[in-house]
Amino acid sequence: MKEALKTTVKKIYRQPEEYYDKEVSLSGWIRNNRNSKVFGFIELNDGSFFKSIQVVYEEEKLENFKEIVKLGVGSAIYVDGILTETPGMKQPFEIKAKNIRIEGHCPSDYPLQKKRHSFEFLRTIAHLRPRTNTFSAVFRVRSLLSYAIHKFFQERDFVYVHTPIITGSDAEGAGEMFHVTTLDFRNIPLTEDGEVDFTKDFFGRETNLTVSGQLSAEAYALAFRKVYTFGPTFRSENSNTPRHAAEFWMIEPEVAFADLNDNMELAEDMIKYIFDYVIRHAPEEMEFFNNFIDKGLLERLNNVIQSEFGRISYTDAVEILKKHNDNFQYKVEWGTDLQTEHERFLTEKVFKKPVFVINYPKDIKAFYMRLNDDGKTVAAMDLLVPGIGEIIGGSQREERLELLDARIKELNMKEEDYWWYRDLRKYGGTYHSGFGLGFERAIMYITGMTNIRDVIPFPRTPKSAEF
RNA sequence: UCCUCAGUAGCUCAAUGGCAGAGCACUCGGCUGUUAACCGAGGGGUUACUGGUUCGAGUCCAGUCUGGGGAGCCA
C-alpha cells in the first residue's frame with residue numbers, strides 16, 4: 001500500500017468519522033495490555049500520534065488469544081479490526097480486533113513500565129525513552145518548532161545559510177572549542193619551538209568545531225540582505241547545569257540595513273510566531289505539558305504571544321535593580337553583567353512579560369558590537385523571558401572599520417585573523433544586526449521541561465556521551 | 001570548576017548504630033468492559049565503590065565514582 005494511504009492513529013483521531021464501522025489495519029507498539037478471562041484491552045501506539053488507541057480483543061474472535069494476553073508492554077504487533085464509537089467511555093472510540101499478529105516480542109526485562117519513571121533514570125536509557133509519553137511529546141514539539149522557525153524566516157524571504165561546522169578560526173570569541181584533528185596523539189609533530197605543527201594536520205592549520213555561525217552569516221547577510229543559520233554548535237566548556245550542553249543547535253538571523261530596533265522587532269515577531277505555531281499544531285502535546293509538566297505553561301506562553309515586549313536600557317535596568325539590592329545575593333552596580341537572579345527579577349517582577357535589555361557597557365560584551373555615541377555602551381540586546389531569563393542575545397554589528405580595528409587592538413586580538421571579516425566593512429559595508437536563539441532553550445521554554453538533557457535525543461554533556 | 005544534596009530489589013521509595021522492607025514491575029492463578037484495571041500467591045538484595053570506627057554499619061568517618069540542584073561561563 002502507498003505510504004500516504006496507510007491508516008494511522010493520527011488520521012483516525014483527526015477524522016474519526018471517516019473510519020467509523022470500517023475495517024482498519026494498524027501496526028505499532030503495546031503501551032498497556034490488561035485482560036480478564038475471555039477478553040482484554042491493548043493501548044496501541046503507532047508512533048504517528050501522541051495519543052494511543054484502544055484495541056479490544058476477545059477469546060472467541062482470536063485463535064491466538066492466549067498468546068496475546070501474555071504480550072508485555074513494548075511488544076510490536078499488527079492489528080486488523082473495526083473502528084467503533086464508544087460514547088460515554090473514557091476513550092472516544094476503539095478497535096474491535098479481528099486479528100492480531102505478533103511482530104516483535106518484548107521480554108520481561110524491558111526497563112520501561114506503565115508507571116511514571118524519573119527523568120534521571122530515563123536519561124540512562126536514552127534509546128528507549130522516546131517511547132514514553134513525555135519524550136514522545138517533547139520530540140514531536142522539537143520537530144514542529146524546528147519547522148516553525150524555517151517557516152517564519154522563509155515566509156519573510158530570508159535565505160537559509162549553512163555555515164561551516166568545522167572552522168579555521170580559533171578566535172570567534174564565544175567560548176572554549178573542540179579541536180578537530182587527524183594528528184596521531186601518540187606522535188604529534190612539533191615545530192622547532194616545541195609547539196604543535198598544525199601544518200601537518202588535515203587542513204594544514206588549527207581547526208575547531210564551530211561555536212557560532214555569526215561571522216559567516218554576516219558575510220552572507222551583506223550579499224543576500226536577510227539570512228539565517230540553523231545548525232549544530234559546540235562548546236567544550238565544563239558547564240554542569242540544566243541549561244548547558246556541549247552540542248546544541250542555534251538559530252542566528254542576520255540582516256543588512258537593519259538597526260537594533262529592527263533586530264528587536266524581528267526577535268519579537270519570531271518568538272510570537274513560533275510559539276503560536278506550536279500551540280496550534282500540537283494541541284495534545286501542549287495540553288499534556290500543561291497538565292503534567294508545568295501547570296502554568298499555557299497561560300505563560302499565551303501571555304508572551306499577546307503582550308508587547310518591554311524595552312529598557314541597561315543603565316535604567318541597573319537603576320531599578322539597585323533599589324532592590326537587598327533581595328539579591330549579588331549586588332548590582334553599573335558596569336557588571338546582570339546575573340540570572342537580576343534578569344528574572346526584571347522580567348518576572350518588574351515587567352511581568354518578556355523584556356529587551358539594551359545598550360550594555362562595552363566591556364562586558366563582544367568585540368563586534370556597535371559602539372554607541374556615548375562611547376561607553378554598545379548596541380546590544382538581550383531578550384529576557386519569565387521563568388528562564390535570557391533566551392536571545394544579539395546586537396547591531398560594528399560596521400565602521402576604524403572603530404572595529406580599534407576594538408580588536410584594545411582586546412589584544414590579531415587583526416590578520418579577521419582579514420575577511422574586516423573586508424566586509426571595507427567593501428560596501430553597511431549597518432547590520434542579528435541575534436542568536438538557543439534552540440533547546442526555546443524548546444524548554446515552550447514545553448516546561450527544566451533540563452536541557454531532556455530536550456535533546458542523545459545529549460552530550462561533560463563526562464557523558466554514552467549513546 | 002566551586003558550593004550543596006543524594007546513591008538500598010528492574011523502577012519509585014522506607015528502615016532510632018541492632019532480623020533488609022513496601023508499592024509498582026516480573027512469574028503463576030482468578031475475574032465477561034477495563035482506563036497507569038482489580039483480587040490472591042510467588043521469585044527477586046555484594047545497601048555505588050575502597051578503606052576506617054564499633055561487640056555490631058544501609059545508618060558514623062575519610063576518599064573515589066555517578067547523579068540531582070545552585071553558582072560561574074553562556075545559548
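A, B, ... follow the sequence lines: proteins, then strands. Residue 1 opens every chain.
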Enquirer: Any donor-acceptor pair, under 3.5 Å, between the side chain of A/N35 and the base of B/U34, if you only look at N and O atoms?
Expert: no
Enquirer: Choose from B/C28, B/G33, B/A36 the nucleotide whose nearest atom is closest to any side-chain atom of A/K96.
Expert: B/G33
Enquirer: At under 4.0 Å between heavy atoms, what does A/F39 touch on the DNA or RNA strands: base, sugar-phosphate, or nothing?
Expert: sugar-phosphate
Enquirer: Let's see if you can work this out: which of B/G33, B/G10, B/U32 has an atom nearest to the side-chain heavy atoms of A/V38?
Expert: B/U32
Enquirer: In Watson-Crick or G-U wobble terms, both distances under 3.5 Å, what is the partner of B/G33?
Expert: none
Enquirer: OP1 or OP2 of B/C11 versus the side-chain N and O atoms of A/K115: is any pair under 4.0 Å?
Expert: no
Enquirer: Would you say B/A25 has OP1 or OP2 under 4.0 Å from some side-chain N or O of A/K114?
Expert: yes
Enquirer: Sort out the partner of B/G40 for me: Watson-Crick or G-U wobble, both distances under 3.5 Å, none otherwise.
Expert: B/C28
Enquirer: Using every non-hydrogen atom in the two residues, find where A/V304 and A/P354 come nearest and quote the distance to one decimal.
Expert: CG2-CG, 3.8 Å
Enquirer: From the options B/C28, B/G33, B/C31, select the nucleotide whose nearest atom is closest to the side chain of A/V56.
Expert: B/G33
Enquirer: Of the nucleotides B/G68, B/G67, B/C26, which has the atom closest to the A/S108 side chain?
Expert: B/C26
Enquirer: With both distances under 3.5 angstrom, what nucleotide forms a Watson-Crick or G-U wobble pair with B/C73?
Expert: none
Enquirer: Could you please name the option among B/C24, B/G33, B/G68 that lies closest to any side-chain atom of A/Q113?
Expert: B/C24
Enquirer: Relative to the 5' end of RNA chain B, which residue comes earlier, A/S239 or A/S118, by the nucleotide with the nearest heavy atom?
Expert: A/S118
Enquirer: Between B/U34, B/G68, B/A36, which nucleotide has the shortest distance from any of its atoms to the side chain of A/E120?
Expert: B/G68
Enquirer: Side chain of A/N240, heavy atoms from C-beta onward: which of B/U32, B/A71, B/G33 has the nearest atom to it?
Expert: B/A71
Enquirer: With rounding to whole Å, what would you report as the distance between B/G45 and B/A9 at their C1' atoms?
Expert: 6 Å
Enquirer: Taking atom types as modelled, find out whether A/Y228 and A/H150 have a side-chain donor-acceptor pair closer than 3.5 angstrom.
Expert: yes
Enquirer: Identify whether any heavy atom of A/D109 sits under 4.0 Å from a base atom; if not, whether one sits that close to sugar-phosphate; answer base, sugar-phosphate or nothing.
Expert: nothing
Enquirer: Which nucleotide in the list B/C11, B/C28, B/G69 gets nearest to the side chain of A/F121?
Expert: B/C11
Enquirer: For the pair A/E284 and A/R14, find out whether any cationic side-chain nitrogen is under 4.0 Å from an anionic carboxylate oxygen.
Expert: yes
Enquirer: Measuring only between side-chain heavy atoms, which start at C-beta, is A/I358 closer than 4.5 Å to A/Y314?
Expert: no
Enquirer: Checking base pairs now: Watson-Crick or wobble, both atom distances under 3.5 Å. What partners B/G58?
Expert: none
Enquirer: Quote, to the nearest angstrom, the P distance that separates B/G33 from B/C49.
Expert: 49 Å
Enquirer: Is there a side-chain contact between A/V138 and A/M449, using heavy atoms and a 4.5 Å cut-off?
Expert: yes
Enquirer: Are any non-hydrogen side-chain atoms of A/N99 and A/N64 less than 4.5 angstrom apart?
Expert: no
Enquirer: If I pick the P atom on B/A71 and the same atom on B/C11, what distance separates them, to the nearest angstrom?
Expert: 30 Å
Enquirer: Kindly say if A/N451 contacts the phosphate of B/G69, meaning a side-chain N or O under 4.0 Å from OP1 or OP2.
Expert: yes
Enquirer: Using whole Å, what does the distance between atom P of nucleotide B/A25 and atom CG of A/N33 come to?
Expert: 13 Å
Enquirer: Quick check on RNA chain B: between A/E390 and A/E341, whose nearest nucleotide comes earlier from the 5' end?
Expert: A/E341
Enquirer: For the base of B/C74, is there a side-chain donor-acceptor partner from A/H244 under 3.5 Å away?
Expert: yes
Enquirer: Give one of base, sugar-phosphate or nothing for A/E58, where a contact means two heavy atoms less than 4.0 Å apart.
Expert: nothing
Enquirer: Is A/Q54 touching bases, backbone alone, or none of the nucleic acid, heavy atoms closer than 4.0 Å?
Expert: base
Enquirer: Just compare B/G70, B/U34, B/G68 and give me whichever is closest to any side-chain atom of A/P242.
Expert: B/G70
Enquirer: Got a donor-acceptor pair under 3.5 Å from the side chain of A/Q91 to the base of B/U34?
Expert: yes
Enquirer: Quick one: does A/F135's side chain get under 4.5 Å of A/F119's, heavy atoms only?
Expert: yes
Enquirer: Return the pairing partner of B/C65 with a 3.5 Å limit on both distances, Watson-Crick or G-U wobble; otherwise return none.
Expert: B/G7
Enquirer: Is there a side-chain polar atom (N or O) of A/R116 under 4.0 Å from OP1 or OP2 of B/C24?
Expert: no
Enquirer: What nucleotide, of B/U34, B/G33, B/A71, holds the atom closest to the side chain of A/T241?
Expert: B/A71
